[in-house]
Amino acid sequence: MNTGEGTVGVRVRERGPGAGRTAAGPGTGAGPDAAVGPGAAARPGAGVDRPAPPPRTPTDEWPEDRPPPRPGEDRDQRVLVVSAVRDGQVSPLFVAHPERGAGADPFRGYVVEAADPLAGCPDVHDTLRLLHLEGGPRRGLTVAVLRRDGRSPRGLGLAQVPEGHPVLRAGELATGLDLGRVRLTLETDALPELAPRRRASAGIRLLYPHADLVLDDLLIEHTRLPGGVWQVEPLALPGEPVRPPKGARRGAPLALAVAVGEDGAACRRALDLLPGALRVHARRP
C-alpha cells in the first residue's frame, strides 16, 4: 500500500462463493467479516460510521490541468490562486498547491496555507490583474492557474470556481473565511469581508484503490483516524467502479479526505497515515 500517494489497500473478493483473499498491504484493518454500508463524511469520533450515503462532491473538474501542460513542462510549478472579483477589482484570497503522485500520475489533491507568501506577492497580483483584464467573470470567485518558473509568474488560465469545489473547502479551513457568504455578497453592492480569520493550513486528498475494482463496502474506523484529519467523504457507493489514475486516464476515487494543521507538512503527514483507518471491500470487475 502506497499511502504517501493516496493509494488505499483493498480486500478483494473474487467472484462466486467463498472467502475473499487479501490484496492489501499492512494497515488496512480489513477483517474477513468487516462488511458494512458506506461510511459517511465524518470527523474523528468513536467507533465506525454507517449512516446514509452523503452528497457527492464534484471531482471531475480540476482546473490545474487546464490548459493541458506543454511537453516537458514541470507541473509542480503550477499553483492555483482563488480570488474575489468585483467589477474589475481582484482580491487574492488564498493559494492552493496541487499535489501529484509519482511519475506521470495525475494530481491527488491540494494543500492551502493561509500564510503562503505568494498570496501577497506583488508579481502575483499584477499577473492576476492582467488575466482578469483579458477576460473572465466580472464578479464572483475565480481560480487562476499560474506557473512559477523562476521569473515572474505566468498566467495560464482563468475560470469561475464551481460552487462546492473541494479547493474552496481547503481555503475555508485554512483562512476561516465563509466563501459561500463571500460569493453571495459579491453579487450585491455590499463589500465582503475578505481578511483571513485564522492562519492555518488545510489539505485535500483523493484516495484511490490500487487496481480497477468494484466497491462492495467502505468503512471508516474513527478510532484509528490520525490527528489532524477533519473529514473523510466517500465518493463511491457500493456497486460502483473505482480505479486509480494512470497516465492520462482519470481515476475514480474511493473517498475525499480533508486534514488541517499548523502547516502544509502537518496536513500531508495526516493524509499519508489516513488509509490505515479505512476498511475497503471490493471485487474485481
Practice task
Could you give me the CA-CA distance, side-chain angles and deciding distance for Glu172 and Asp178, then say whether side-chain contact (heavy atoms from CB on, under 4.5 Å) is met?
Solution key: CA-CA 6 Å; Glu172 287 185 325; Asp178 184 342; 3.9 Å; yes
Exercise for the section: Using the side-chain contact (heavy atoms from CB on, under 4.5 Å) rule, take Arg279 and Leu218 through it: C-alpha gap first, then chi angles, then the decisive distance, then the call. Expected result: CA-CA 6 Å; Arg279 296 183 183 181; Leu218 171 60; over 6 Å; no
Problem - Full working for side-chain contact (heavy atoms from CB on, under 4.5 Å) between Leu207 and Leu256 - result: CA-CA 6 Å; Leu207 302 177; Leu256 180 78; over 6 Å; no
Problem - side-chain contact (heavy atoms from CB on, under 4.5 Å) assessment of Arg169 paired with Gln231 - result: CA-CA 11 Å; Arg169 194 180 316 178; Gln231 188 178 41; 2.7 Å; yes
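A heavy-atom distance below 4.5 Å is found between the side chains of Val161 and Leu168. Side-chain contact between Leu235 and Leu206: present, with at least one pair of heavy atoms (C-beta onward) separated by less than 4.5 Å. The shortest distance between side-chain heavy atoms of Arg108 and Pro245 falls below 4.5 Å. You'll find the side chain of Val143 stays beyond 4.5 Å of the side chain of Ser83, heavy atoms only. Looking only at side-chain heavy atoms (C-beta outward), Asp189 and Arg86 come within less than 4.5 Å of each other. Between Val81 and Leu146 the shortest side-chain heavy-atom distance falls below 4.5 Å. Side-chain contact between Val280 and Pro209 is absent, with no heavy atoms from C-beta onward closer than 4.5 Å. Counting only heavy atoms from C-beta outward, the side chains of Leu173 and Trp230 approach each other to under 4.5 Å.
Between Arg205 and Asp272 a salt bridge is recorded (basic side-chain N to carboxylate O distance below 4.0 Å).
In terms of heavy atoms, Thr127 sits closest to Gly155 at CG2-N, 3.5 Å. Shortest non-hydrogen contact noted between Pro234 and Val232 is CD-O, 3.6 Å. Nearest heavy-atom pair, Leu186 versus Gly140, reported as atom, atom and distance to 0.1 Å: CD1-O, 3.4 Å. Closest heavy-atom contact between Gly203 and Cys267: N-SG, 3.8 Å. Contact detail for Ala236 and Pro253: the closest heavy-atom pair is CB-O, 3.9 Å. What you find for Val182 and Ala84 is that their closest heavy atoms are CG1-CB, 4.4 Å.
Neither Val111 nor Val82 shares a network with the other; the hydrophobic side chains, linked directly or stepwise wherever heavy atoms of I, L, V, M, F, W or Y lie under 4.5 Å apart, form separate groups for each. Cluster membership check: Val214 does not share its hydrophobic cluster with Leu278, using side-chain heavy-atom separations under 4.5 Å among Ile, Leu, Val, Met, Phe, Trp and Tyr.
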Listing, residues 87-98 side-chain donor-acceptor contacts under 3.5 Å, not counting sequence neighbours, or none:
unit_1: Asp87; atom_1: OD1; unit_2: Arg139; atom_2: NE; d: 3.1
unit_1: Asp87; atom_1: OD2; unit_2: Arg139; atom_2: NH2; d: 2.8
unit_1: His97; atom_1: NE2; unit_2: Asp116; atom_2: OD2; d: 2.6

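The closest donor-acceptor contact from the side chain of Glu193 to the backbone of Ala195 lies under 3.5 Å. Under a 3.5 Å cut-off, the side chain of His222 and the backbone N or O of Ala277 do not form any donor-acceptor pair.
Here CZ of Arg138 is found 10.0 Å from NE2 of His132. Values are rounded to the nearest 0.5 Å. To the nearest 0.5 Å, atom CG of residue Leu179 and atom CG of residue Leu194 are 9.5 Å apart. Note that the CG atom of Leu215 and the CZ atom of Arg283 stand 8.5 Å from one another [nearest 0.5 Å]. For the atom pair CG of Leu133 and CG of Leu158, the computed distance is 10.5 Å after rounding to the nearest 0.5 Å. Here the straight-line distance linking atom CG of Leu213 with atom NE2 of His281 works out to 12.5 Å at 0.5 Å rounding. The OG1 atom of Thr142 sits 7.5 Å away from the CD atom of Gln160 when rounded to the nearest 0.5 Å.
The stretch residues 254-271 participates, sequence neighbours left out, in these side-chain hydrogen bond (donor to acceptor under 3.5 Å, both in side chains) pairs: Glu99-Arg268.
The environment of CZ in Arg197 is sparse: at most 12 heavy-atom neighbours from other residues, nucleotides or ligands sit within 6.0 Å.
Contacts of Thr175 classified as side-chain hydrogen bond (donor to acceptor under 3.5 Å, both in side chains), with partners at least two apart in sequence or in another chain: none.
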